[in-house]
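As the structure is a computational prediction, the values presented were derived from the model and not from experiment. First the proteins, then the strands, lettered A, B, ... as listed; each starts at 1.
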Amino acid sequence: MDETADILIVDDTAANLQVLGLMLRQHKYKVRPVPSGKLALQAVAACPPDIILLDITMPDMNGYEVAAKLKENPATAEIPIIFISALTEVDDKVKAFKSGGVDYVTKPFQIEEVLSRVSVHLVIQHQRRELRRNYERIRELELVREKLTRLIVHDMRSPLGAIRMHYEILGEKNPSMDADAKKSLQRGILAADTLIDMTNSLLDIARLREGKMPLNIEPAELAAIARETVANAAVLIATRAVTVESPETPVSAGVDRSLIRRVIQNILGNAIKFTDAKDGRIVITTGLAPDGMRVITIRDNGPGIPPEFRTKIFEEFWQVEGTQVQGVHSTGLGLNFCKLAVEAHGGTIAVREAPERGSLFEIRLPETPVTKPAAA
Amino acid sequence: MDIPPLPGLDLADAVSRLGLDYEDLRDMLAGLPASLNEYFAAAEAAVGAGDTGAVRIAAHSISGVAGNFGIPEVRTAARALEAAAKENRRAELPALLEALRAPLAIACESLGRLP
C-alpha cells in the first residue's frame, strides 16, 4: 500500500545487500542498506525506518542482538523487524520471533515472498500508527469532556444549594400550607439533596482518580468511626426497621477519618436500602488480618450481588439492573467513590457472598497509608 | 538478452526468483568472484586455526550469496561446511572445505566469462 515506505536492510554480505536493495527499489520502496548491526542501530537512531529487514548471522553484532537493542528503546520498539536469513531450522525462526521479529524470510530470496511479507507488515504498521493517533485523539477529547463535565458539575452546586435553601424558606414562611404541599416541598428538598450528593461525589471521584484529593491522615480507631457512622444513620435505619450491629474490636490505623466514614456510610446506606425491612440484619466488624492489614467488614442478609457483577459494581455509574428499589435513589457513584477512597489509602475493597445470604463487603487498609500515584 | 548457460551457474533461476532482469544482475554477478574468494580465504584460515565460529560465518556468507545468485553446487558445499562448523565436527572441516574449492573455482570461472 505505502510504496514510498522507508526500508532499512541490514546484511554483512555486500552482494546480498545490493540485490535485495535493487529488488525493493524496483518496487518503488525507499531503501537504506547498511552492512552491520552497529551501523543499523546508528541508521535507526538517525532516522527511524518504517520497517527493517535484518540478517541474523553477522560478525560483531548479530541480528538477534540488534533486535534486542531496538526493542529496549521505546522510540524504536515498534518498528517491525523481518529477519532475513539462510538459517532454516525451526529453532532459528523461533529465536528470531522471541527476539522481537514480526516475520522471517529465508534466503535464497523469492521476490514474491519478500514483497508480500514487507507489504503485509507495512499495512499492519500503518494501521497501528492510525490506531495510536485515533486513541490519542479520543483521549484528548475524553480529557476535554471530563474537564467540561467537572466545570458544569462544579457550577451546578451553587444553584442546587440555592434551590434547597429556597424550598426551606418557603416551608418556614408558610407554616399553614396543607399536607400535600408540605409533602411536595419535602420531596423537592430530598431531590435537591440527591443532586447535591451527586455533584459532590462526581467532583470527589475526579479528584481521587487524579490523585488530587488531599488526604488528612491521622491516627484513628476504625471501630469508633464505624459506630459514629451507624449513629449518624439512625434516622434511615429507623425507616427500614433493620437491625445494625456495630463493631466492638478496637483497631487503629492512620486514615482520613472523613473519607473512611463516607466509605462506611455508602456501603451501610446501600445495605439498609437493599435489605428486607422485616428481618433485615446488618453486621459491621473490625479486625486485624494476619498480614497486618486492618479489615472492616459490612455484612447484610439482603438479596446479594450476583458473582458476575461483583467487580463491576465498583465502576463509575454502574448499577445492577433490576435492583432499583422503589423510593430508593442510587447514583451509581457511591461504590466507585468507595473504591477510589480506599485505594487512595493503599487499601482494597471487595464484595463476596455472605455466609448464609446477602453480601459481605471487605475493606482492607494498611496500618499507615501507602501513597498511590495519580492515575495517568 | 538471452540468459547464457554457464557451468556451475543457474542464472535463469536467479533472474526469475529475484524478479530482476539479467542486465540488472550482470554487474553484481561480475563482482561475486572477488567476494566469494575472500569468504573462502577466511574459511580456509579459520579451518587452519580451528576457529569453528569463524568457519561458520564465512561458510554462511558463501552459502547465502550462492543461494541468492543461482550457484547451486557452491551453496550445497558451503551449507555442509557451515553445518559441520555449527555442530563442532572439527575433523570433517578440512575435507568439506576442499569439497567446496572445486565448485567455487568453476563458478568463479563462469562468472568471469559473463556476456
Side-chain angles (χ1 to χ4, degrees), chain A residues 3 9-29 31 33 35-37 53-66 83-93 95-96 104-119, chain B residues 9-11 13-40 42-43 46 51 53-72 74-76 78-83 85-87 107-108 111:
Chain A
E3 295 197 331
I9 53 177
V10 190
D11 196 318
D12 64 310
T13 309
N16 289 340
L17 208 55
Q18 211 178 348
V19 76
L20 186 56
L22 185 61
M23 285 161 73
L24 293 167
R25 272 190 208 99
Q26 287 203 346
H27 289 82
K28 297 181 182 156
Y29 287 114
V31 178
S36 76
L53 298 184
L54 181 59
D55 188 22
I56 294 175
T57 309
M58 295 186 288
D60 300 329
M61 182 182 266
N62 67 35
Y64 302 133
E65 292 168 310
V66 175
F83 280 103
I84 45 170
S85 181
L87 301 173
T88 53
E89 288 177 20
V90 172
D91 284 354
D92 299 316
K93 294 179 181 176
K95 199 172 170 187
Y104 197 100
V105 175
T106 49
K107 293 175 191 169
F109 301 132
Q110 297 276 347
I111 182 73
E112 294 87 356
E113 184 188 10
V114 172
L115 293 176
S116 298
R117 292 186 191 273
V118 165
S119 167
Chain B
L9 306 184
D10 186 353
L11 297 181
D13 165 68
V15 164
S16 109
R17 201 169 22 75
L18 299 173
L20 299 171
D21 294 335
Y22 170 67
E23 286 74 18
D24 294 328
L25 272 179
R26 191 173 43 204
D27 285 349
M28 280 186 253
L29 289 164
L32 289 185
S35 40
L36 286 170
N37 283 322
E38 191 184 316
Y39 299 137
F40 184 82
D51 181 350
V55 174
R56 194 181 160 194
I57 287 180
H60 183 81
S61 298
I62 296 170
S63 125
V65 170
N68 275 337
F69 288 91
I71 318 175
V74 170
R75 179 178 182 233
T76 304
R79 279 171 69 97
L81 180 62
E82 184 186 353
K86 184 184 177 187
E87 291 156 20
C108 287
L111 289 166

task: Measure A:Gln26 against the heavy atoms of chain B and call it side chain, backbone, both or neither at under 4.5 Å.
output: side chain
statement: In this structure, CD1 of A:Ile9 is separated from CG of A:Leu53 (nearest 0.5 Å) by 6.5 Å
query: Can you tell if the side chain of A:Gln110 reaches within under 4.5 Å of the side chain of A:Val105, non-hydrogen atoms only?
result: no
Residue that, paired with B:Phe69, satisfies side chain to side chain contact (heavy atoms under 4.5 Å, CB included) out of B:Asp10, B:Leu25, B:Leu11: B:Leu25
- request: Under 4.5 Å heavy-atom distance to chain A, tell me which part of B:Leu32 shows up: side chain, backbone, both or neither.
  value: side chain
task: Under 4.5 Å heavy-atom distance to chain A, tell me which part of B:Leu29 shows up: side chain, backbone, both or neither.
output: neither
statement: Interface check, chain B: of A:Glu112, A:Lys107, A:Glu113, A:Gln18, most non-hydrogen pairs under 4.5 Å belong to A:Gln18
Whether B:Asn68 side chain and A:Phe109 backbone form a donor-acceptor pair below 3.5 Å: yes
